[in-house]
Amino acid sequence: MTLIDTRTPDAKRLIPGATGDWEVIIGLEVHAQVTSEAKLFSGASTAFGAEPNANVSLVDAAMPGMLPVINEECVKQAIRTGLGLKAQINHKSVFDRKNYFYPDLPQGYQISQFKQPIVGEGKITISVGPDRKGEFEDIEVGIERLHLEQDAGKSIHDQHPTMSYVDLNRSGVALMEIVSKPDMRSADEAKAYVTKLRTIVRYLGTCDGNMDEGSMRADVNVSVRRPGGEFGTRCEIKNVNSIRFVGQAIEYEARRQIAIIEDGGTIDQETRLFDPNKGETRAMRSKEEAHDYRYFPDPDLLPLEFDQAYVDELAKYLPELPDDKKARLVNSLGLSVYDASILVSEKAVADYFEKVAAGRDGKLAANWVINDLLGALNKAGKDIENAPVTPDQLGAVIDLIKEGTISGKIAKDLFEIVWNEGGNPRELVESRGMKQVTDTGAIEKAVDDVIAANPDKAEQARAKPTMAGWFVGQVMKTTGGKANPQAVNDLVKAKLGIEE
Amino acid sequence: MTELTRLTIAEAREKLRGKEITASELTEAYVSAIEQANPTFNAYVATTPEKARDMAKASDAKLAKGEGGALEGIPLGIKDLFATEGVHTQACSHVLDGFKPRYESTVTANLWTDGAVMLGKLNMDEFAMGSSNETSHYGAVINPWRASGSNKQLVPGGSSGGSAAAVSAFLCAGATATDTGGSIRQPAAFTGTVGIKPTYGRVSRWGTVAFASSLDQAGPIARDVRDAAILLKSMASVDAKDTTSVDQPVPDYEAAIGKSVKGMKIGIPREYRVDGMPEDIEKLWQQGIAWLKDAGAEIVDISLPHTKYALPAYYIVAPAEASSNLARYDGVRYGLRVPGKDIIEMYENTRAAGFGREVKRRIMIGTYVLSAGYYDAYYLQAQKVRTLIKRDFELAFAAGVDVILTPATPSAAFGVADEDMAADPVKMYLNDIFTVTVNMAGLPGIAVPAGLDGNGLPLGLQLIGRPFDEETLFQTAHVIEQTAGRFQPEKWW
């Protein structure tokens, strides 16, 4: 692949060294496990967490005479992902064999796509930020290709003093290898890229994106150069399995390479591993030790071919993608770009929000989801999937505010009750006497009492109308927050004789 | 009892259906023939007499009710390359020691569904790599044919040497075989039997140990053309488990037998007249041409200009695929394991001990031609040659040729442990010179015995047809068979 520099060096992304500034160049190969019932070339189940070697067919174990048969669902998932990456879909692609020996690779080769992948060039827009001013910056990252391949099994080395065990449950599971162009220039950009990619595949339902279960992992290519100069020699950090580690690995690796070059050394092209405990990368194998994989087209499989109508049919049922959703939230619901970005960043959050916002004030719903729900989740360290308040419950709280049944302040208390104890918000308001007082007689009396008790303040307020707020606050306090704030405000002003 | 084993499949079928004989009697005749003669020929590497008796009994039950499949009660031998459930399946390699699959290949499953009886597993060159059956871990197979007045042991050809010898020596009514570069047709020609390699995709490869996936195709070896047609009909099927198998109806091949070749256009490729070809072969070829002409066919000279590149290209493509296909024999999951101090040494020890010389040679050739820096010059170039060879045939058929007639082999059967061949593997590879083109082009090809050479050894002619036009091959081969007669070795064992 020819490397094309798409970016102009930007001072705020440069890393200062002893001899001047450095620019870090990052490209990522993300392995995303395809969401499918069965493996890429066999009928065995892909379920996570099964007993070792429970999900292994004769094909996965590479028994003599076994043949691969392509799982069409995996092909569809790859096409859907390609469409989500605004990429070229190749109507003809070829499966190749990548040959090497390893105990958890039963065939002695991995079936992959080498020269003719199913998906070609595409792009992802990532949002980096917010910066100190709360601004996000949109950056376009090119996709080089996406191809389908088999996962290997797992070698387990700690169960026996002298032997290793092999678990073939993952052997043959479909992976999409998504290769970016070397378009990223900081650890934050790389993290934003993986995050966005994960969001897209989760929206599409083509990969669950669970990095802790190994469903997504990244090979990170890092090199450094003088700003705008020639690309440097790259190192590839294999199998990084969290977004945080991607950032740490890049930070470490960039500094390691800069230090070597500044000391007069050169970078060796090599494969490295990231050690999360030490927060450093270490050499795994050099270019000279690299395998000769002897790729050639798999003679057991015909080229994979389909027509545009096949792609169109899949495109027709593609769900709304995060960028489109964001635009819709801004344009039709009137949300700020900032709020919309937060809401769409995770499919589960977006789904939650859309349920709350359905038939309601979008802005109000956005405020509650972002400030109250996400805030509380964050504080409790919970995922939105396990939120104690359902979208229906939160929607009911918002309805109660809108109807004037409860005030915004009471609503916060109500939210907390629902969070802690559950229940129907409307019934809770009823049973706990949280209803807003709209009886003007009662409010009037409270206003009169407060003015009577504070004649000097009343005098000041008549001269300086903004002081009316103090009286509103006092009345709210004496009514336990249940008085309708608008009614209180109106009455205070009327009683003090303040003109609107 | 000898009488029973002399019956062709078609004859036995009639007698079984007419209740003149029982499947159990027929099976018993073969079981005792094997017991008596297998030590001489070494055609079977494993026999399954109990299984055979059970299957025969089941067939008799069906036949008694007037039921049963196309091969009901017919005892067959199975090449060791086909997976047979619970039965020795080792591709005659040491590396698969003790391997008994828990599955049945599609081909053999089809045969059992049609009522055939399994006698055992037949010897072959290790992983089907060889042209003399001498690379087998289980030792050489002896050809039932001997030169006139000679006791010298001859090879039955390979890789389906066990299949050809067993059919020829009346140790089975018919046999399964496989053909990657000539492994059905060459041994058939060496033993006076009929062997057909069908069109690539006609027969499922599922459950057949792979040698070179893009070339491998199973087919039968039989006593005569009709039997070959009967067997292929049962073996062939489209198979969802093999995506290279083709969804085309399997015709009644037997119906093609007896049809005239009048007006048919027979192509004679000039490139198959090779330097140093024995006079006997040339004479046989001319004889075949004359017979077909007499039968009313039109003879046309054709050119297949890329023929001379076929053998070198084949010896790049086949080893390349084999080097990858045989990577799974690593001692980790099944078969032989020779321990080592670490995993790499275990691999090395296992594969060093498990594979024979010829298999190792081909793995090394294949690994070399796929290596970085050599891929384009060898593998890619060979694939281009393959396209050209295919096109040669397409042009000939497009010009109206119905079937192409060539010799099947460049010589008759040669001696066991032939020093010339042992010293130079390329001499052995030259056995495939007339047959590899057919595999490279994915076409059907049949070898039919057509005469004896000066030493009284059988020689075969090869007919090559259009894709999925096996019917025309049976039709034409039968005309040759009718004229040439059938060839059976004189019993000396």
Side-chain angles (χ1 to χ4, degrees), chain A residues 41-43 53 56-72 75 94-111 114-115 153 155 157 162-166 168 171 287-288 290-305, chain B residues 81-83 89-91 93 96 99 101-103 105-106 127 201 204-210 212-216 239-245 317 320-321 323-335 343-344 346-348 351 366-375 379-380 383:
Chain A
F41 297 112
S42 86
N53 295 310
V56 184
S57 76
L58 295 169
V59 175
D60 307 324
M63 300 305 276
M66 292 302 101
L67 298 170
V69 176
I70 186 84
N71 175 353
E72 191 180 354
V75 174
V94 173
F95 286 101
D96 297 284
R97 290 185 184 178
K98 178 180 182 179
N99 295 282
Y100 64 97
F101 285 94
Y102 206 71
D104 60 24
L105 187 75
Q107 295 169 133
Y109 54 83
Q110 175 196 33
I111 306 178
F114 183 50
K115 282 190 178 160
S155 295
H157 303 293
T162 57
M163 310 282 260
S164 292
Y165 289 167
V166 176
L168 296 179
S171 166
K287 193 183 177 187
E288 288 70 35
H291 295 291
D292 179 351
Y293 290 119
R294 308 188 313 279
Y295 283 101
F296 75 107
D298 191 328
D300 286 331
L301 292 159
L302 301 171
L304 180 59
E305 291 182 88
Chain B
L81 206 60
F82 296 89
T89 299
Q90 290 186 209
S93 177
L96 271 167
F99 183 66
R102 289 186 298 166
Y103 47 93
S105 79
T106 299
F127 284 107
S204 169
R205 293 184 296 114
W206 192 88
T208 308
V209 175
S213 313
S214 75
L215 302 159
D216 295 344
D239 185 358
K241 292 184 285 189
D242 173 6
T243 50
T244 62
S245 73
V317 174
E321 293 180 10
S323 71
S324 177
N325 282 336
L326 270 57
R328 65 187 57 196
Y329 309 108
D330 57 7
V332 174
R333 295 169 311 287
Y334 45 74
I343 185 77
I344 301 290
M346 189 278 276
Y347 287 152
E348 288 172 354
R351 289 168 67 84
T367 303
Y368 179 82
V369 298
L370 290 175
S371 298
Y374 299 100
Y375 180 87
Y379 185 79
L380 210 60
Q383 290 294 4

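To find a chain, count down the sequence lines: A is the first, B the second, and so on, and within it residues start at 1.
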Colleague: Is Ala91(B) close to chain A through its backbone or its side chain, or both, or neither, when contacts mean heavy atoms under 4.5 Å?
Modeller: neither
Colleague: Phe101(A) vs Glu348(B), test: side chain to side chain contact (heavy atoms under 4.5 Å, CB included). Steps then yes/no.
Modeller: CA-CA 11 Å; Phe101(A) 285 94; Glu348(B) 288 172 354; over 6 Å; no
Colleague: Nearest 0.5 Å, please: how far is CG in Asp300(A) from CZ in Arg205(B)?
Modeller: 4.5 Å
Colleague: How many angstroms lie between atom CZ of Arg328(B) and atom CE of Met63(A), to the nearest 0.5 angstrom?
Modeller: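 Arg328(B) CZ to Met63(A) CE: 10.0 Å, rounded to 0.5 Å.
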Colleague: For each of Gly108(A), Pro64(A), Ala61(A), tally heavy-atom pairs with chain B at distances under 4.5 Å, and name the one with the top tally.
Modeller: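 The answer is Pro64(A).
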Colleague: Other residues, nucleotides and ligands only: do more than 12 of their heavy atoms fall within 6.0 Å of OH on Tyr293(A)?
Modeller: yes
Colleague: Which atoms of Tyr329(B) are under 4.5 Å from chain A, going by heavy atoms: the side chain, the backbone, both sets, or neither?
Modeller: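 For Tyr329(B), side-chain heavy atoms alone lie under 4.5 Å from chain A.
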Colleague: Are any of the side-chain heavy atoms of Arg333(B) and Val166(A) separated by less than 4.5 Å?
Modeller: no
Colleague: Please report the interatomic distance OH(Tyr375(B)) to CG(Asp292(A)), rounded to the nearest 0.5 Å.
Modeller: 12.0 Å
Colleague: Can you tell me which portion of Tyr295(A) sits under 4.5 Å from chain B's heavy atoms? Options are side chain, backbone, both or neither.
Modeller: backbone
Colleague: Which one, Val332(B), Thr208(B), Thr89(B), Leu96(B), leads in non-hydrogen pairs under 4.5 Å with chain A?
Modeller: Thr208(B)
Colleague: Quick check on Tyr103(B) against chain A: is it the side chain, the backbone, both or neither that has a heavy atom closer than 4.5 Å?
Modeller: side chain
Colleague: Counting only heavy atoms closer than 4.5 Å, note whether Ala212(B) contacts chain A via side chain, backbone, both or neither.
Modeller: neither
Colleague: Tell me the closest heavy-atom pair linking Glu321(B) and Arg97(A), and the distance in Å.
Modeller: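 Answer, listing the atom of Glu321(B) first, then Arg97(A): O-NH1, 4.1 Å.
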Colleague: Among Ala372(B), Gly335(B), Ser324(B), which residue has the highest count of heavy-atom pairs closer than 4.5 Å to chain A?
Modeller: Ser324(B)
Colleague: Look up atom CG in Asn99(A) and atom CG in Leu370(B), then write down how far apart they are to the nearest 0.5 Å.
Modeller: 7.0 Å
Colleague: If the plane angle is over 60° it's perpendicular, under 30° parallel, otherwise tilted; pick one for Phe296(A) and Tyr379(B).
Modeller: perpendicular
Colleague: Could you give the distance from CE (Met163(A)) to CD1 (Ile343(B)), rounded to the nearest 0.5 Å?
Modeller: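 These two atoms lie 9.0 Å from each other.
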Colleague: Looking at side-chain heavy atoms only, is the closest gap between Tyr347(B) and Pro103(A) below 4.5 Å?
Modeller: yes
Colleague: Sort out for me which of Leu81(B), Val209(B), Asn325(B) touches chain A most, counting heavy-atom pairs under 4.5 Å.
Modeller: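 That would be Asn325(B).
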Colleague: What is the distance from atom OG1 of Thr244(B) to atom CG of Leu67(A), rounded to the nearest 0.5 Å?
Modeller: 6.5 Å
Colleague: Could you tell me which portion of Thr367(B) (side chain, backbone, both or neither) has an atom closer than 4.5 angstrom to a non-hydrogen atom of chain A?
Modeller: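 The answer is both parts of Thr367(B).
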